[in-house]
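Notes follow the structure.
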Amino acid sequence: MINLTINGKSYNISQEQVENRTLWQFLKDNGYYVPILCNYENLKPVGRCRLCVVKDRGRIKTSCIAPLENGMEIITDDPDLRKYRKWALQFLFSERNHYCMYCAITSHCEFQNLGYYTKLDHFSFPTFFNKYELDNSHNHILFDNNRCVLCDRCVRVCSEIAGHFVLETINKGIERLVVADGGKKLGESSCVSCGLCVQVCPTGTLLDKYSLYLDKNSIDFNSYCYLCPVGCGIKIYINKNKDYIVKIHSDFNSFSNGLICYKIRYQELLNYRLFKAQQYQQNNKLNEYYLDNNNLKDFLYSIITNLKDFLVILDGTLLNQELKLINDIFKNNVYTYYPITKDILNNPDFKEIEEFQNYIIINVDLDKDYGAIGSLIKRNVKLKNKNLITLNLNNPNYTNLSKLNINNINDLKKLNDTLYDNFLFILNAIDYIQLKDDIKDLLTNKNYRFLILPIKTNDVGIIYFINNLNTINLSLKINDNKTIIIFSRDLKNIKEINLFKIIQNNSKIIFTLKDYENLEILNNLKNIKLLVYLPHLLNFSGNFYNMFNMLLKTENIFKELSLKDK
Amino acid sequence: MKNTKKEIKISTIWCEGCSGCHMSFLDMDERLIDLIKKGVVFSASPFTDLKIPEDDVDIGIIEGSVATDTQEEEVKMMREKCKIIIAIGDCAVFGGIPTMRNYYKIDELSKRVYHEAESNANKHYPNSKDISKLLPRVKAVNEVIKVDYYIPGCPPNADIIFYILNELIEGREPKLENEKLTYE
Ligand code: SF4
Ligand code: SF4
Ligand code: SF4
């Protein structure tokens, strides 16, 4: 137990509460505002900006790195402290270009707000002019070092949180510079476009190209990413008039602790803007219907009454509500075009994943398909000295980190003789079904668990809601007389496994999402009897289960603007 | 300064700026009349178009940064003639957009502008004795003279300019904070 006072008020703090908490965090938790620039959420504090200075028994302390001590007498705000903070800030303002009038984030800039907080209305010394090149090489990110205040948030988030280790700083003092991969252009570096550095940058240095100048007065919603089975917590920012998405950030307060990847951060944002643009175009080649949940049921019944012989194919791009309805109506005729295993329900959760000492990744490029899991593994391997083994992988972001790269499953045998124990196998559901017995045979005296990566977002929902799921070879089931009913928001995969070839002659009813990629595929398909559009998941509130068996909700961000039947 | 009977002289000059701050100044509209009713006399200013202020000005307002030898002389003259100096707008206060040229040497700059620029047909460097000389570095006003009050903003809002002038005339100390303090 320690005692201390803050602005005259005394506090007793248990030892448990003292640990893992700095003075600044304690002040924040107890409602005291102390400005800070270099700190961000759960990044490790570094005490770089010196704005968080407070007084302890008359002495100045940098609160973000000061441990809590018995007998502290803290003053959080007085004219002296304001003066020091203003000086610290002035140096930062005058070192590089902070003429806000032509900066893309002016009026919602953390750094600028600190200027207002300290009432900085002029500089007390001449400004410094050192010109840095504007880096426009990245597809989604604009990088202007001329506005950098060297807080290192980006460097830390790229390694500590995202696990990508792209950003670092070079040089010393006023010449210090944030660079990618030791000095490459961002667009030519190993950056995987998670956008976390942009999200945490308190200045207009790292910028989202799609939200330049658009971010004033935006409103944010919490939601979950529905693009892969991880289901990261996200914050969606839309403009005040609710007609476009400004940007999509990760949510540091959700189960995924701020992780995110390029898919929702940039790819979906772009796709959605295209999708919206398309709504204004008329393209009535086929019978087109839009459906939201209210009229889906009646519509499906009307279909089934006219059909004799049919077969339903669906995937995990559907939400729980949709799956439940399909199960009620189509009963035993529902198939998936990839295998689904109930063993997914035994997956370790985020915390448990971090507790393993050895990871074995089989076949999957985590950066591409399950970004947040990739971050989790890479940061553990690099920062906590865990062991990585890769099987059949050629992404250097992983193979360079791994102790052992093997190309044949039989090589796992070698591990029996090593000191390593306690493995986590990371592989997708298809490989799991094929390899689990082999692995059991090969690894005889080791402890291991599986992290099974579902193929599509809501495969766990399929386990729960489709009672008589058929996952046998589809081609055996298909004859020319059957009407094939497909439910999928993403037809790409169905195309990739050549299913469309098999069903080319069948009469088809397709429920999908109206986006460019799907439309292109549809244009090349014959015998589509009926085409129905499912609501976009940014326009629709519904539930799904992620790979950790958590029930998550997608938020209809435009509520009153949601799609109506056409 | 609180004596509404006595006249209060205000003068303004425009250095390296875009005149946006003077437009904002004129945007005080009918409140300019309020100020006049309180005894303000606008001497050298957009109203009179006089370039040289009188010797006993109470409040001198400077727009723009200091980029030439002439501007340097002018702001010094303002300091001598005015009891209170207000730097108005981001250029006067911080240096602003004109300081973008500080990234280059004057030679590089002149070469680009007068010899290489696609829009410049006669490739002639202006060298008349009447033209001011560029200073090696563009400066904020407070790098040349002492400034008493700062109104940042690009341009500052007319409401803020009125607030500052009115407070000074009423003998109060103006405070730029909250929504009154803005850099854009
Ligand atoms: S980064 Fe912030 S403080 Fe710097 S110029 Fe942009 S808006 Fe102003
Ligand atoms: S986008 Fe992500 S991977 Fe790329 S530099 Fe930023 S934090 Fe690192
Ligand atoms: S780029 Fe942004 S986050 Fe990174 S050090 Fe500079 S100001 Fe900080």
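Chain letters run A, B, ... following the sequence lines, proteins first, then strands; residues in each count from 1. Both backbone and side-chain heavy atoms feed into the values below; hydrogens, waters and symmetry mates do not.
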Query raised in the report: Above 12 or not: heavy atoms from other molecules or residues under 6.0 Å from CD of B:E177?
Result: yes

Query raised in the report: Which atoms of A:Y117 come close to chain B, meaning under 4.5 Å heavy atom to heavy atom: side chain ones, backbone ones, both, or neither?
Result: neither

Query - Expected output: side-chain A:Y99 to main-chain B:F94 donor-acceptor under 3.5 Å - result: yes

Query raised in the report: Do other residues, nucleotides or ligands put more than 12 heavy atoms under 6.0 Å from B:Y114 OH?
Result: no

**Report entry** Minimum heavy-atom distance between A:Y116 and B:T182, given as atom pair plus value
**Finding:** OH-CA, 3.4 Å

Requested in this report: Could you tell me which portion of B:N142 (side chain, backbone, both or neither) has an atom closer than 4.5 angstrom to a non-hydrogen atom of chain A?
Outcome: side chain

Query raised in the report: Around atom NZ of B:K83, are there more than 12 heavy atoms of other residues, nucleotides or ligands at under 6.0 Å?
Result: yes

Query raised in the report: Checking B:I151 against chain A: side chain, backbone, both or neither under 4.5 Å from a heavy atom?
Result: neither

Requested in this report: Output the distance between atom CD1 (B:I97) and atom CE (A:M101), rounded to the nearest 0.5 Å.
Outcome: 5.0 Å

Query raised in the report: Counting a contact as any heavy-atom pair under 4.5 Å apart, which residues of residues 121-128 of chain A contact chain B?
Result: A:D121, A:H122, A:F123, A:P126, A:T127

Query raised in the report: So which part of B:Y149 gets closer than 4.5 Å to some heavy atom of chain A, the side chain, the backbone, both or neither?
Result: neither

Query raised in the report: Is atom NZ of A:K28 surrounded by more than 12 heavy atoms (other residues, nucleotides or ligands) closer than 6.0 Å?
Result: no

Query - Shortest non-hydrogen contact between A:N97 and B:M100, atoms and distance - result: ND2-CE, 3.6 Å

Query raised in the report: Are more than 12 heavy atoms from other residues, nucleotides or ligands located less than 6.0 Å from atom NZ of A:K131?
Result: yes

Query - Euclidean distance, B:Y183 OH relative to A:C109 SG, rounded to 0.5 Å - result: 10.0 Å

Requested in this report: Taking all heavy atoms of B:E184 and all of A:S107, pick out the closest pair and write down the distance.
Outcome: OE2-CB, 3.0 Å

Requested in this report: Begin from the C-alpha positions of B:R137 and A:F129 and carry the test side-chain contact (heavy atoms from CB on, under 4.5 Å) through to its verdict.
Outcome: CA-CA 10 Å; B:R137 257 182 93 252; A:F129 288 91; 4.0 Å; yes

Report task. Tell me, yes or no, whether the heavy-atom count around B:K123 atom NZ, taken from other residues, nucleotides or ligands under 6.0 Å, exceeds 12. Result -> yes

Query raised in the report: Hey, is NZ on A:K209 packed in by over 12 heavy atoms from elsewhere, all under 6.0 Å?
Result: yes

